Amino acid sequence: KALREQFSLEAVAIQRHWPGRLEIEIREPAATLVWVTGSASYEVDRSGIVLQPVSTREAIQEQGSLRLLRPQAASQGTPIIYDLSNTPVPADQEVVGESQVTFFLDLSKQMSDVLEFPPAHYRYQKSERTVEVVTQGGWRIIVGIDRSITQQVAALKTVLDSAIKNQASLDYVDVRFGGKVYYR
């Protein structure tokens, strides 16, 4: 009980082995997303609950005059989601629903399968019901959260394979509109 009050734990199992041995198994919840809102960033679990703030020392890397948000979780493939509403997040609260976490994880996996490099991060616009996938090359893929990820990614793959010869010159590809894909 004391451990649960002090730490966010997914599971605690205690077994007695007679005579005189006690086995305690503690499992911490794993971060599935890094959620960035305003100037704060948080590790979020699969159910959308904030686990803990990402420490500034861990998150910010200096590269010359450029400061990058690169928490340790990102090096393990955890998607970084920028909430463009900049809504403050209270500790231990749900920042996003479980279905949206699943959406982000599926989107991340499918985009990683199609793109040459994994996406750099995601920009979430809840009011517009869109997610912008920002690629390592700096161009964006605009995805609708109300449509099938599989269909949108398939449309992206078709356009990348057939119509776009130089991805470095892209600004965006918009795959939200079913059979129509727009790009510049």
Side-chain angles (χ1 to χ4, degrees), residues 1-13 24-113 115 117-147 149 152-153 172 176:
K1 185 177 178 181
L3 286 173
R4 284 187 186 274
E5 288 174 3
Q6 191 172 7
F7 302 101
S8 175
L9 302 175
E10 187 173 299
V12 176
I24 302 173
E25 180 183 330
I26 298 173
R27 190 171 44 237
E28 292 181 297
T32 56
L33 299 175
V34 173
W35 192 265
V36 181
T37 182
S39 61
S41 54
Y42 306 92
E43 291 182 354
V44 175
D45 71 5
R46 184 169 285 285
S47 62
I49 305 290
V50 171
L51 296 174
Q52 64 187 5
V54 175
S55 73
T56 306
R57 182 179 43 121
E58 174 189 317
I60 305 220
Q61 296 177 351
E62 302 281 340
Q63 289 187 350
S65 63
L66 184 63
R67 297 180 74 201
L68 298 174
L69 173 65
R70 279 289 165 232
Q72 185 178 24
S75 66
Q76 300 163 352
T78 305
I80 300 173
I81 313 297
Y82 286 86
D83 178 8
L84 299 181
S85 70
N86 293 326
T87 306
V89 176
D92 298 327
Q93 295 294 314
E94 182 180 275
V95 69
V96 66
E98 188 172 348
S99 63
Q100 291 168 310
V101 171
T102 301
F103 177 88
F104 287 123
L105 294 175
D106 290 346
L107 180 62
S108 177
K109 182 188 179 329
Q110 290 189 40
M111 284 294 172
S112 294
D113 291 345
L115 298 173
F117 297 102
H121 60 272
Y122 303 82
R123 296 166 42 115
Y124 177 51
Q125 296 183 18
K126 183 177 182 179
S127 61
E128 295 181 22
R129 310 220 23 98
T130 63
V131 174
E132 290 183 358
V133 181
V134 180
T135 67
Q136 300 277 340
W139 56 277
R140 301 167 293 133
I141 304 158
I142 304 168
V143 176
I145 62 173
D146 297 322
R147 292 203 49 244
I149 296 170
Q152 293 178 83
V153 171
Y172 69 87
R176 294 177 289 171

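The chain is numbered in sequence order, starting from 1. Every value quoted in this text rests on a predicted model; they were computed, and no experiment measured them.
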Asks: Locate the shortest heavy-atom distance separating Thr32 from Pro79; write the atom from each residue and the value.
Replies: O-CD, 3.4 Å

Asks: From Glu128 CD over to Leu84 CG, what is the distance, rounded to the nearest 0.5 angstrom?
Replies: 9.0 Å

Asks: Quick one: CG on Leu115 to CH2 on Trp139, what's the gap to the nearest 0.5 Å?
Replies: 5.5 Å

Asks: Under a 3.5 Å threshold, yes or no: a donor from one side chain and an acceptor from the other, between Ser108 and Tyr122?
Replies: yes

Asks: If you compare all heavy atoms of Ala31 against all heavy atoms of Glu43, which two are closest, and at what distance to 0.1 Å?
Replies: CB-CB, 3.7 Å

Asks: For Arg147, does the CZ atom sit with more than 12 other heavy atoms under 6.0 Å from it, leaving out its own atoms?
Replies: yes

Asks: Can you measure from CG (Asp146) to CZ (Arg129) and round to the nearest 0.5 angstrom?
Replies: 4.0 Å

Asks: Quick one: side chain to side chain contact (heavy atoms under 4.5 Å, CB included) partners of Ser47, sequence neighbours excluded?
Replies: Asp45, Ile49, Glu98

Asks: Is a side-chain donor or acceptor of Ser112 paired with a backbone partner of Pro118 at a separation under 3.5 angstrom?
Replies: no

Asks: Mind listing the closest non-hydrogen atom pair of Val96 and Phe104 along with its distance?
Replies: CG2-CE1, 4.4 Å

Asks: Taking the side chain as every heavy atom from C-beta outward, state whether Met111 and Val143 have any pair of such atoms under 4.5 Å apart.
Replies: yes

Asks: Closest heavy-atom contact between Arg140 and Glu132?
Replies: NH1-OE2, 3.2 Å

Asks: Would you compute the distance between atom OH of Tyr124 and atom OG1 of Thr130 and round it to the nearest 0.5 angstrom?
Replies: 9.0 Å

Asks: Ignoring hydrogens and geometry, is there a side-chain-to-backbone donor-acceptor pair from Arg123 to Tyr82 under 3.5 Å?
Replies: no

Asks: Minimum heavy-atom separation for Val95 to Val50, with atom names?
Replies: CB-CG2, 4.1 Å

Asks: What is the distance from atom CD1 of Ile145 to atom CD of Gln125, rounded to the nearest 0.5 Å?
Replies: 10.5 Å

Asks: Compare every heavy atom of Thr135 with every heavy atom of Ala120, then report the nearest pair and how far apart it is.
Replies: CB-O, 3.9 Å

Asks: Is there a side-chain contact between Leu105 and Leu33 in this structure, where contact means two heavy atoms from C-beta onward sitting under 4.5 Å apart?
Replies: yes

